[in-house]
Amino acid sequence: MVWKFVKIIIGSSLLFVFGSAFYFFYSQQSHALVIDMNTVYEKKNIVPVLVIGSGCAGYSAALYAARGKMIIIVFVGGQPGGQLSRTTKVENWPGLLDQLGPDIMQKLQKQAESFGAEIVYDTVKEVDGTQWPYKITTHNGTTLYALTIIIATGASPTMLDIPGEEKYLGKGVTTCAICDAPFHKGSDVVVVGGGDSAAEEAMQVAPYAKNVTILVRKDAMRASAAMQDHIKAVKNIKVVYTTEVTEILGDDDGVTGVVLYNTVTKQTSTMPVTGVFLAIGHTPNTEIFKKFLEVDASGYIATKGKSQETSMPGVFAAGDVEDKVYRQAGVAAGSGIRAGLDALAFLRAHGFNEMVEKRIQQNLFNPHQAATASSPHGASLVQIQNKEEFDTLRAQKSVVVADFYTQFCPGCHHMMPAYEAAARDFAQKATFVKVDAEAVPELAEAHSISSVPTILLFKNGELIDRRTAILSQEELVAFVQQAM
Ligand code: NDP
């Protein structure tokens with residue numbers, strides 16, 4: 001018995017010693033990166049400043065770094081233009097009265113481009129933090145080496161994690177009112193949440209829906225007084241307090257209702273609705289960085305003092321991915337500016353100068369070359385004007401791929417270059433079409449489109465698969481391959 005006990009103690013101690021040694025070794029490895037400009041010359045596809053993310057923080061960082069005459073590449077990521085591109089009116093951007101969020105983002109992008117920043121419609125899939133320059137792999141299959149990285153990946157909508165949510169995501173459950181509001185004309189919908197986003201989403205869907213009910217779990221909204229005043233002025237918006245959604249109900253066509261629980265009366269009820277707009281906050285997009293960067297308990301990237309420096313040399317973070325306190329567009333832009341300046345200072349401090357730039361000129365990453373290399377043929381996208389045209393095409397062509405989008409859906413615009421590239425990959429073998437779901441509503445209705453982007457795949461006139469998501473070129477190719 002005693003011997004057994006001693007064996008357990010020895011076993012656990014050894015485990016602890018080896019575990020600690022492994023952890024120490026690993027952490028030393030990841031922090032002992034050698035930043036030596038001489039190693040840069042051996043690499044191909046070099047990027048001096050790589051910005052990941054295209055919200056206020058990303059474009060502001062790109063603007064400042066580009067103005068410092070540095071070579072900047074911005075990977076726009078899954079939500080081009082960030083959260084501001086999904087809002088409508090913005091009243092609190094300093095110096096501007098009543099601007100539209102997408103307009104601000106377009107101007108910011110143009111401004112960064114005018115100083116030389118290159119915008120690439122691709123998403124970073126992996127960052128290797130064990131070597132410098134940092135090795136980056138993208139969704140569309142590009143590999144490049146970054147001397148500095150500015151992480152501005154923002155935050156993604158948090159989900160409720162209740163029955164029915166995943167099943168009906170894209171079929172009535174949505175996190176993008178500006179994209180999906182047009183699919184709820186004359187219907188009753190709910191918005192879940194009590195913050196500024198919930199108020200904003202309710203105002204975006206109110207012009208389309210018959211009744212909009214904001215479901216707030218506490219007895220008060222967290223939204224600013226100004227936003228609460230705005231929703232009070234809209235006749236078809238109602239706020240219901242102390243109410244939680246416990247289940248989302250539906251059938252083959254999508255959402256039919258929600259099950260509600262009143263936390264005061266302890267009563268459960270059912271409410272018939274066609275749409276559930278989620279606005280319950282955001283979670284920072286740090287998944288691919290966590291294994292080599294320090295993040296806090298909630299997943300936000302830790303930055304040092306008044307700089308945007310992270311725990312890794314030459315890696316900076318800006319905006320909602322590192323700010324859990326303010327989470328305002330203006331603050332994100334400010335931190336992006338700091339990150340841009342920090343990246344410039346880092347490069348200079350480590351000997352990056354005109355001579356180095358000249359020497360690596362031939363080895364710099366060229367996004368235009370990458371695009372043509374991956375898709376050498378011409379694209380043939382047909383813009384569908386009416387249902388008859390689509391039905392005729394479907395009857396005539398053996399494989400038809402249809403991308404349903406709306407004009408104000410940032411994710412749809414983001415996917416377009418990948419969609420065009422997939423169309424080039426399947427030239428002669430499949431017909432790729434684009435359908436503006438708002439402009440051809442009868443076609444959207446006929447195929448039960450309630451969220452965009454939705455991609456349908458037809459073989460010999462029959463629907464064989466559909467996806468409601470922003471797909472990379474790789475994913476699109478695998479999706480279409482099913483019909484070959
Ligand atoms: P917030 O974190 O401010 O609000 C989230 C809301 O969702 C809260 O009311 C919270 O309730 C509620 N919530 C969280 N989890 C659940 C759940 N499981 N079930 C039901 N309700 C839940 O996030 P926002 O996205 O609204 O705003 C983020 C930041 O962006 C804020 O700083 C905001 O000011 C800013 N913003 C500004 C805008 C503008 O000025 N035009 C527009 C949009 C956002 P509870 O209060 O009980 O925690």
Side-chain angles (χ1 to χ4, degrees), residues 55-57 79 81-105 154-166 169 173-178 181 190-206 213-231 233-234 237 239-248 258-264 268 271 273 276-285 298-300 319-335 410:
C56 299
Q79 198 182 308
Q83 289 177 51
L84 218 54
S85 68
R86 291 168 77 150
T87 60
T88 45
K89 261 199 329 188
V90 176
E91 294 172 328
N92 50 5
W93 184 269
L96 292 178
L97 294 171
D98 264 6
Q99 276 282 308
L100 292 174
D103 289 349
I104 294 178
M105 290 319 300
S156 289
T158 309
M159 306 303 283
L160 282 168
D161 199 16
I162 54 168
E165 183 183 52
E166 206 181 322
L169 189 62
V173 177
T174 176
T175 57
C176 182
I178 200 165
V190 288
V191 174
V192 188
D196 282 331
S197 297
E200 175 86 38
E201 300 250 314
M203 284 188 293
Q204 284 168 357
V205 75
T213 307
I214 303 180
L215 301 170
V216 182
R217 66 176 173 182
K218 288 192 183 141
D219 60 0
M221 283 190 85
R222 194 195 287 204
S224 63
M227 290 295 252
Q228 292 195 47
D229 283 347
H230 284 321
I231 53 172
V234 183
I237 299 180
V239 184
V240 172
Y241 296 97
T242 62
T243 302
E244 292 173 359
V245 181
T246 55
E247 189 177 349
I248 296 168
V258 281
V259 179
L260 304 178
Y261 174 71
N262 187 308
T263 54
V264 174
T268 298
M271 187 178 188
V273 291
V276 180
F277 292 79
L278 300 176
I280 59 165
H282 290 81
T283 310
N285 293 322
S298 318
Y300 288 85
D320 284 8
V321 75
E322 53 87 29
D323 169 23
K324 68 172 169 196
V325 180
Y326 301 103
R327 294 176 295 166
Q328 298 298 308
V331 178
S335 67

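One-based numbering, in listed order, for ligands and for the atoms of each. We count residues from 1, following the sequence as given.
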[atom]: which protein heavy atom is closest, and how many Å away?
atom                    : value
atom 34 (O) of ligand 1 : D196 OD2, 2.6 Å
atom 28 (C) of ligand 1 : R327 NH1, 4.1 Å
atom 11 (O) of ligand 1 : R217 NE, 3.3 Å
atom 40 (O) of ligand 1 : N92 ND2, 3.0 Å
atom 23 (O) of ligand 1 : G281 CA, 3.6 Å
atom 46 (O) of ligand 1 : R222 NE, 3.2 Å
atom 4 (O) of ligand 1  : G195 CA, 3.8 Å

Compute the minimum heavy-atom distance from [X] to ligand 1 and say whether it is under 4.0 Å.
X    : result
E244 : no
V90  : no
M227 : yes

Pair D219-T242, side-chain donor/acceptor within less than 3.5 Å | no
Any side-chain donor paired with an acceptor under 3.5 Å for T283 and S156?
-> no
Pick one: which of T213, V240, L215 meets side-chain contact (heavy atoms from CB on, under 4.5 Å) with L260?
-> L215
Can you tell which of D323, L160, I280, L84 gets a heavy atom nearest to atom 14 (C) of ligand 1?
-> I280
Option nearest atom 43 (C) of ligand 1 (shortest heavy-atom distance, choices S197, P157, G193) | S197
Non-hydrogen side-chain atoms of M227 and M221 separated by less than 4.5 Å = no
How far apart are the C-alpha atoms of I162 and T246, what are their side-chain angles, what is the distance that settles it, and do they pass the side chain to side chain contact (heavy atoms under 4.5 Å, CB included) test?
-> CA-CA 6 Å; I162 54 168; T246 55; 5.6 Å; no
Quick one: does [X]'s side chain have a donor or acceptor within less than 3.5 Å of a partner on [Y]'s backbone?
X    : Y    : value
S298 : Y300 : no
Q99  : L96  : no
E200 : D196 : no
Q228 : A223 : yes

Can you name the atoms of ligand 1, numbered from 1 with element, that are less than 4.0 Å from a heavy atom of [X]?
X    : value
H282 : 25 (O)
Y326 : 32 (O)
Q328 : 31 (C), 32 (O), 33 (C), 34 (O), 35 (C)

Using the side chain to side chain contact (heavy atoms under 4.5 Å, CB included) rule, take L278 and L160 through it: C-alpha gap first, then chi angles, then the decisive distance, then the call.
-> CA-CA 8 Å; L278 300 176; L160 282 168; 3.5 Å; yes
Side chain, backbone, both or neither: which part of A279 comes within less than 4.0 Å of ligand 1 when only heavy atoms are counted?
-> backbone
If we only count N/O pairs under 3.5 Å, is G194 in contact with ligand 1?
-> yes
Step by step, would you call V239 with Y241 a side chain to side chain contact (heavy atoms under 4.5 Å, CB included)?
-> CA-CA 6 Å; V239 184; Y241 296 97; 3.5 Å; yes
